[in-house]
Amino acid sequence: MNDAAIGIFDSGMGGLTVLRALMARLPNENFIYLGDTARLPYGTKSPETIIRYSVQAAGALVKRRIKLLVVACNTASSVAIPYLREAFAPLPVIDVITPGAEAALAASPKGPIAVIATEATVNGRAYVRAIRAHAADVGVVQQACPLFVPLAEEGLIEGPIAELVAHRYLDPLMAQKPHALVLGCTHYPALKNTISKVVGHEVTLVDSAATTALSVEKMLRKAETMREGEQSYSFLVTDLAERFARVGKIFLGRAIPMDLVEPIDL
Ligand code: DGL
C-alpha cells in the first residue's frame, strides 16, 4: 500500500476525461491533476517545446509526492514519454497512446484504423508506431483536427458548427473506409456524439480513457501500491482557475469546487 497520490497532467482540461475514468476505476486513490492552461495548446508546438513543458508540468506533480504519473495528453505522450521516464526514474509513467492503440486493435484487429489527433501527434506518428508494433500489416490513416480543441473548450460540442467542422476533417478520412476511429486527443471525446453522427455508427470510436485507467490499475496491483481509504482529488492550474472549474465540468462530468483548484506557476 502507498498513500501517495496519482499525478495526472494535460495541457488543459481535456485530460479530465482520463481523470474521470481513473476515478471510476480506482475509488480509493488520491488524485492530483495539473492542467497547463497558460500554455495550451501543446498540439501546435514543436517537439522541443512540448518536452520542456511536459517535464515542468510533471516536475510540479513530483514535488507534491506522487507514486505514479499519468500523461493524460496525447501530444505530450507522443513526444515526451522517454524524457519523462528518464527525468523522473524510477517513477512509473503511463501514457495514453499505448492503451489507445491496443483498444483500437481490439475493436478492429485487421484495420484499417483511423486516428484523429493534434498536428504534433499526427506528425510524430506515435499511434502508427504503437498500432504497427502489435500488427505490422494494419493500415492506419491519420488526420489532424485542430479546431476540435477550441470547439470543445467553448462547449460547442453539438449542432451545425461542430458538424460542419467534423465533416471537413472526417469526410476525406472516411473515404478510406476505416472500421475504428481513435479519438487521439483528450478533447475529442467531448465531441463524441457529433463525430459518431458524421462517421456513422458502424465505425467504432476508440477513447483511450478507460483503457488507460485499466493500465494504471494493473500497474498499481503489480507494484502492490494500491491505496485503501476514501478517494480524494485536487487540481493545479497555470492560468484561469475559475474558467477551468466552470468548463472542466463538461470533461469531468461533475462539479469542480474552487477550493480544490490551486493556481500555480511552472
Ligand atoms: N491535450 C492535447 C492532446 O491530447 C490537446 C490539446 C492541446 O493541443 O494541447 O493532444
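All residue numbers refer to positions in the sequence shown, counting from 1. For ligands, and for the atoms within them, numbers begin at 1 and follow the listed sequence.
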- Query: Should the heavy atoms of other residues, nucleotides or ligands under 6.0 Å from OH of Tyr169 be counted, would the total exceed 12?
  - Reply: yes
Close-contact set for ligand 1 against [X] heavy atoms, below 4.0 Å:
X	result
His187	5 (C), 6 (C)
Thr118	5 (C), 8 (O), 10 (O)
Gly43	7 (C), 8 (O), 9 (O)
Thr186	1 (N), 2 (C), 3 (C), 4 (O)

- Side chain to side chain, Gln176 and Gln143, heavy atoms closer than 4.5 Å: no
- Please examine the side chains of Leu22 and Val216, heavy atoms only from C-beta on, and report whether any two atoms are closer than 4.5 Å. yes
- Query: Does Glu29 pair with Lys67 as a salt bridge, N-O distance under 4.0 Å?
  - Reply: yes
- With sequence neighbours left out, write down each residue that passes salt bridge (charged side-chain N to carboxylate O under 4.0 Å, His left out) with Arg227, or none if nothing qualifies. Asp3
- Task: List the steps, then state whether side chain to side chain contact (heavy atoms under 4.5 Å, CB included) holds for Leu84 with Phe9.
- Result: CA-CA 12 Å; Leu84 293 169; Phe9 87 85; 4.2 Å; yes
- Message: Out of Pro41, Ser77, Cys185, Ser208, who is nearest to atom 5 (C) of ligand 1 when you count heavy atoms only?
- Response: Cys185
- Item | Per atom 9 (O) of ligand 1, closest listed option by heavy atom (Ser11, Cys73, Ser78, Pro146) | Ser11
- Query: Polar-atom distance check: Thr121 versus ligand 1, any N or O pair below 3.5 Å?
  - Reply: no
- Task: Would you mind telling me if ligand 1 is within reach of the side chain of Thr75, the backbone, both or neither, using heavy atoms under 4.0 Å?
- Result: both
- Task: Specify side chain, backbone, both or neither for Asp10, according to which of its non-hydrogen atoms lie closer than 4.0 Å to ligand 1.
- Result: side chain
- Task: May I ask you to check whether Phe244 and Phe235 place their ring centers less than 6.0 Å from one another?
- Result: yes
